Amino acid sequence: MPVRIMVIDNDKNVRKLFTSILTHAGWQVFSEAYANADLTAVHQFSPNLIILDFNTRQSGVDWAFLQLLKMDDNTAAIPILVCTTANTLSPEIAGYLAGRNIHVVHKPFAATPFILIIQEILIAASHIALQPAPNVVLPILVVDDNEQLRENLTEILQMEGYLVVTAANGQLALDTVAVVRHRLIILDINMPVMDGFEFLAAYTQLPEPHSPVIICSAGTGNLNPGVLPAFVIATLPKPYDIQRMLTLIKTYAQPA
């Protein structure tokens, strides 16, 4: 069954944009204005994720609809992604959303990191649904600009039973680690937009805990371990030994 995403936004053009982006990513989309959205529609569509346009005032149809979703037993567990034009949220609103496990994306945003965030939310939600225990198995993030290498490693890790998400450069990886935690990060160094060193420097500035990082790059022989962050737990040269890679991964991650 395809992943179903429900978009609630009063702007018709924004709904069309969301539908185009999400459909292109392979998901089934149902979009509606707040005036026509109700719990019956949510029950019928049974979405895996709800995306809500949101203002920063604790009033209006967006807040009312969000509260309805969280009060209804049939919809309370559905992940919600709030999209807002506010650069920052007040501590009260931010605390409320965080306490309800509601994710926030600030407009405007680029399509690719937005898709990565949705992938992370869906993976976490699907795993929680399958696992009665409170310990969630976090995904492995593979960061490499070589599409073939990303796909090959992803296929191998998935066959080993791991949850995997990918990013094509350090900036995309940084966008997603700022929102969702990972059990392990496999990082290339030479990448466009933001390389591996720039990613490590920026990631170090994010609040702890930091996920363990395995650097996998053709230039590992020139790396000085003394200047790498403490969360870098190993370096592997390309082409890498897949068995050594799997042994390292098994130490820090577990299959779903």
Side-chain angles (χ1 to χ4, degrees), residues 24-26 110-124 127 136-256:
H24 183 72
T112 301
F114 184 64
I115 292 297
L116 286 173
I117 291 170
I118 292 177
Q119 289 175 337
E120 296 276 9
I121 294 172
L122 292 172
I123 288 172
H127 185 73
V136 176
V137 177
L138 300 175
I140 296 172
L141 175 61
V142 176
V143 188
D144 199 305
D145 64 316
N146 187 309
E147 183 177 2
Q148 189 62 57
L149 285 178
R150 290 199 312 272
E151 291 180 354
N152 291 344
L153 185 54
T154 296
E155 289 180 3
I156 292 171
L157 294 179
Q158 287 177 340
M159 284 191 291
E160 292 292 312
Y162 296 103
L163 299 175
V164 185
V165 293
T166 66
N169 58 61
Q171 183 60 63
L172 295 177
L174 188 65
D175 290 339
T176 190
V177 298
V179 179
V180 181
R181 287 188 60 203
H182 301 78
R183 189 65 191 90
L184 182 68
I185 299 172
I186 299 174
L187 179 69
D188 187 24
I189 291 297
N190 298 314
M191 296 180 290
V193 184
M194 175 184 283
D195 66 24
F197 292 125
E198 292 169 327
F199 168 82
L200 290 173
Y203 188 38
T204 302
Q205 301 304 312
L206 294 181
E208 295 182 353
H210 295 108
S211 302
V213 173
I214 296 175
I215 293 178
C216 186
S217 176
T220 55
N222 298 322
L223 297 179
N224 181 358
V227 301
L228 295 174
F231 52 76
V232 175
I233 49 88
T235 59
L236 291 178
K238 287 183 178 179
Y240 49 80
D241 182 331
I242 189 60
Q243 292 304 320
R244 184 183 175 194
M245 170 79 80
L246 292 176
T247 299
L248 276 171
I249 291 172
K250 187 177 181 179
T251 304
Y252 292 91
Q254 56 183 337

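Just so we're clear, the structure is a prediction, and the values are computed from it rather than from any experiment.
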Participant: Quick one: which of L116, I118, T112 gives a side-chain contact (heavy atoms from CB on, under 4.5 Å) with F114?
Facilitator: I118
Participant: If you apply the rule side chain to side chain contact (heavy atoms under 4.5 Å, CB included), what do you find for V142 with L157, and how did you get there?
Facilitator: CA-CA 10 Å; V142 176; L157 294 179; 4.2 Å; yes
Participant: Between S211 (side chain only) and I185 (backbone N and O only), is there a donor and an acceptor less than 3.5 Å apart?
Facilitator: no
Participant: First locate atom CZ of F197, then atom CG of L187, and finally report the distance between them rounded to the nearest 0.5 Å.
Facilitator: 9.0 Å
Participant: Taking all heavy atoms of R181 and all of P139, pick out the closest pair and write down the distance.
Facilitator: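 That closest heavy-atom pairing would be O-CD, 4.0 Å.
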Participant: Enter the distance from L184:CG to K250:NZ here, rounded to the nearest 0.5 Å.
Facilitator: 15.0 Å
Participant: Which residue pairs pass the salt bridge (Lys or Arg N to Asp or Glu O under 4.0 Å) test with at least one member in residues 188-204, sequence neighbours excluded?
Facilitator: D188-K238
Participant: Over 60° means perpendicular and under 30° means parallel, so classify the ring planes of F231 and H210, tilted if in between.
Facilitator: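 Judged by the thresholds at 30° and 60°, the geometry between H210 and F231 is tilted.
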Participant: If the test is side-chain contact (heavy atoms from CB on, under 4.5 Å), which one of D144, I242, V164 qualifies with L153?
Facilitator: I242
Participant: According to the salt bridge (Lys or Arg N to Asp or Glu O under 4.0 Å) rule, which pairs have a member within residues 155-171, sequence neighbours left out?
Facilitator: none
Participant: From L163 CG over to I140 CD1, what is the distance, rounded to the nearest 0.5 angstrom?
Facilitator: 8.5 Å
Participant: Do I115 and H24 come within less than 4.5 Å of each other through their side chains, counting heavy atoms only?
Facilitator: no
Participant: Using a 3.5 Å cut-off and no angle test, enumerate the donor-acceptor pairs between side-chain atoms of residues 167-180 and protein atoms at least two apart in sequence or in another chain.
Facilitator:
unit_1: N169; atom_1: OD1; unit_2: Q171; atom_2: N; d: 3.0
unit_1: N169; atom_1: OD1; unit_2: L172; atom_2: N; d: 2.9
unit_1: Q171; atom_1: NE2; unit_2: D175; atom_2: OD1; d: 3.0
unit_1: T176; atom_1: OG1; unit_2: E120; atom_2: OE2; d: 3.3

Participant: For a quick test of reading the model, state the closest non-hydrogen atom pair linking Y240 to C216 and the distance between them.
Facilitator: CD2-SG, 3.1 Å
Participant: Could you measure the distance from the CD1 atom of I215 to the CD1 atom of I233? Nearest 0.5 Å is fine.
Facilitator: 9.5 Å
Participant: Can you tell me how far apart CZ (R150) and CD1 (I186) are? Round to the nearest 0.5 Å.
Facilitator: 13.0 Å
Participant: Enter the distance from I117:CD1 to L122:CG here, rounded to the nearest 0.5 Å.
Facilitator: 12.0 Å
Participant: Shortest non-hydrogen contact from R244 to T235?
Facilitator: NH2-O, 4.1 Å
